[in-house]
Amino acid sequence: MTAPKRFPRLRQDLAASLVVFLVALPLCVGVAVASGVPAELGLVTGIVGGLVTGLMRGSTLQVSGPAAGLTVLVFELVRDSGLPVLGAVVLATGLLQLALGALGLGRWFRAISVSVVEGMLAGIGLVLIAGQLYPVADAAAPASGLAKIAGLPQALVDAAQSGRAPASLALGAGTVAVLVLWKHLPPAVRTVPAPLAAVGLATAAATALALPVATVEVRGLLESLQPPPLEAFGELATVSMLGTVVAFTLIASAESLFSAAAVDRMHDGPRTQYDHELIAQGAGNTVCGLLGALPMTAVIVRSAANVQAGGRTKASRVLHGVWLLLFAALLPSLLAYIPIPALAGVLVYSGAKLVPVRRLVALWREHPGEALILVVTAVSVMVVSMFEGVLIGLALSVVKTAWEASHLRLDVVNKGAGPVQVHLAGNATFLRLPKLLGTLEALPQDRPVELDLSGLHHLDHACRTALTHWAERHSAAGTEPVRVTPARG
């Protein structure tokens, strides 16, 4: 049997894999540098995403690697606890994902409110933009998200008085401009992926003009690998570190599975098997943790590039991992020419794409409650932290759902003579108790009341007790006892 018959779509997958490789290369390096780890570790995560996760069942065309969505959390972890602990946290994240997938919980991640996930990513995007504007301005970024945003005006003032900053600002701004304008260029030009073109042009300009800008530090692939020592796992016993593991798992899993749903809408091939995809992500993160590399998620930018370039099977994403491995093994010295401001510009653009401005405007018009959850989650992520921000968003989403689920219709029929008729329909929960008691206590004390509860689908204990006490008080005033038609069931 000939190769074309055995692999009828190899040509399309080969071409798509080269496109994905060219998209992934600058993003892998950029995410690593922004995360405060050696650039090679971003390539390692991309390689594992292709060769490990890419071979497994789940989403056929989705591509995994280091993602901008976890950059802020990784940077804070490495800064506070060191690189060895990062490997332990990523390994624990992978094992937890494997367990969740094996238990069949992958599909339940789709039940997380979309507004919470979008708010989480928007908060990450805003912190990412604020943080990466500092290397664009050749300055050191503050620690917290709020400090990054508050310190931007002073950083720009300092940049205006610096000798090195103008060149850095020009490269960063030029990189963002190329990324924004690239889609408007002729199709023949756009065969080169925008991130590669932007970083390539910035690198050429910095080299040709000998600009005084910071460039990527190269250590070598094997030298950058730092498997976590046994003592690093002892750090996981603290409550704060366990919270970090949960945050990594929640963000990486939700982002990957939401990305899978988006990729499914781009093609008519096999649909995603969510539990298997979560297991594949867990296997990838387990390997990344053992190697001391960055955490992995599915990346919508690379996945969309794969579909648009004609990828048909998982071979395209596996081959993209092969090309990353060959580059890391044979040409790592090329990384030393890449300017840091150019990579920061790529991440500023990526961060901006995480902020759903148009979606928020439309959501505010149609579902203001969901828009509020999105905004509160984003602000909480910026002001407090990633984990607490997501918890606040989830809590607000639960409260909103409970409020909507407790819809209660209350009709009062008062004909001026005879008994006052009160009809309740819907769900009577404690959330509606103030309105319910306010209406009942405003009824005339000298008139009999007929309370019809037959239209209720649910009557919780708090409402049942409150209605009983109200009926006793109304009857004690010398009026006929309240006649109650009980709720169904």
Side-chain angles (χ1 to χ4, degrees), residues 9-32 42-43 45-51 53-55 58-69 121 175-176 178-201 255-270 272 277 280-281 284 296-327 342-343 345-354:
R9 297 175 178 174
L10 182 59
R11 181 177 298 176
Q12 297 98 312
D13 287 331
L14 180 61
S17 71
L18 290 170
V19 172
V20 177
F21 160 68
L22 295 175
V23 171
L25 179 60
L27 292 176
C28 286
V29 176
V31 169
L43 295 177
T45 298
I47 293 166
V48 174
L51 300 185
T53 303
L55 280 170
S59 176
T60 305
L61 299 180
Q62 182 162 257
V63 183
S64 299
L121 294 177
T175 301
V176 175
V178 171
L179 291 168
V180 171
L181 299 175
W182 198 252
K183 61 184 177 182
H184 300 294
L185 296 179
V189 177
R190 284 188 279 114
T191 55
V192 179
L196 182 68
V199 173
L201 290 172
E255 188 170 349
S256 295
L257 298 183
F258 272 97
S259 173
V263 173
D264 279 351
R265 292 194 291 269
M266 297 179 185
H267 67 90
D268 54 4
T272 296
E277 179 63 21
Q281 295 294 326
M296 170 194 304
T297 73
V299 186
I300 189 62
V301 175
R302 287 169 231 184
S303 303
N306 188 29
V307 175
Q308 293 163 3
R312 292 293 181 270
T313 71
K314 65 175 65 175
S316 61
R317 60 187 191 178
V318 174
L319 286 172
H320 118 275
V322 173
W323 309 140
L324 285 174
L325 177 59
L326 291 176
F327 178 88
L343 296 176
V346 171
L347 291 176
V348 166
Y349 181 76
S350 299
K353 294 181 76 67
L354 292 176

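- Shown here for Gln281 and Ser64, the closest heavy-atom pair between the two residues is NE2-OG, 2.8 Å.
- For Ala260, the side-chain contact (heavy atoms from CB on, under 4.5 Å) partners are Ser59, Gln62, Thr272, Tyr274, not counting sequence neighbours.
- Applying the side chain to side chain donor-acceptor pair (under 3.5 Å) rule to Thr45 yields no partners; only residues at least two apart in sequence or on another chain are considered.
- Here Glu277 contributes atom CD and Leu257 contributes atom CG; the two are 6.5 Å apart, rounded to the nearest 0.5 Å.
- A search for side-chain contact (heavy atoms from CB on, under 4.5 Å) contacts involving Val318 returns Leu51, Leu55, not counting sequence neighbours.
- Shown here for Ala16 and Ser316, the closest heavy-atom pair between the two residues is CB-CB, 4.1 Å.
- To the nearest 0.5 angstrom, Leu319 atom CG is 11.0 Å from Leu324 atom CG.
- Scanning all heavy atoms of the two residues, the minimum distance from Cys28 to Arg302 falls at SG-NH1, 3.8 Å.
- Here Thr60 pairs with Pro270 under the side-chain contact (heavy atoms from CB on, under 4.5 Å) rule; sequence neighbours left out.
- Closest heavy-atom contact between Val299 and Pro66: CG2-O, 3.9 Å.
- To the nearest 0.5 angstrom, Met296 atom CE is 9.0 Å from Ser256 atom OG.
- The CG atom of Leu61 sits 11.5 Å away from atom CD of Gln308, with the distance rounded to the nearest 0.5 Å.
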Expected list for residues 182-195: side-chain donor-acceptor pairs under 3.5 angstrom, two or more places apart:
| from | atom 1 | to | atom 2 | distance (Å) |
| --- | --- | --- | --- | --- |
| Trp182 | NE1 | Val192 | O | 2.9 |
| Arg190 | NE | Lys183 | O | 3.4 |
| Arg190 | NE | Leu185 | O | 2.7 |
| Thr191 | OG1 | Ala188 | O | 2.8 |

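- For the side chain to side chain donor-acceptor pair (under 3.5 Å) test, no residue two or more places apart in sequence or in another chain qualifies with Thr53.
- Note on residues 17-27: pairs passing side chain to side chain donor-acceptor pair (under 3.5 Å), not counting sequence neighbours, are Ser17-Trp323.
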Below 3.5 Å, can you tabulate the donor-acceptor pairs from side chains in residues 20-27 to any protein atom, sequence neighbours excluded?
none

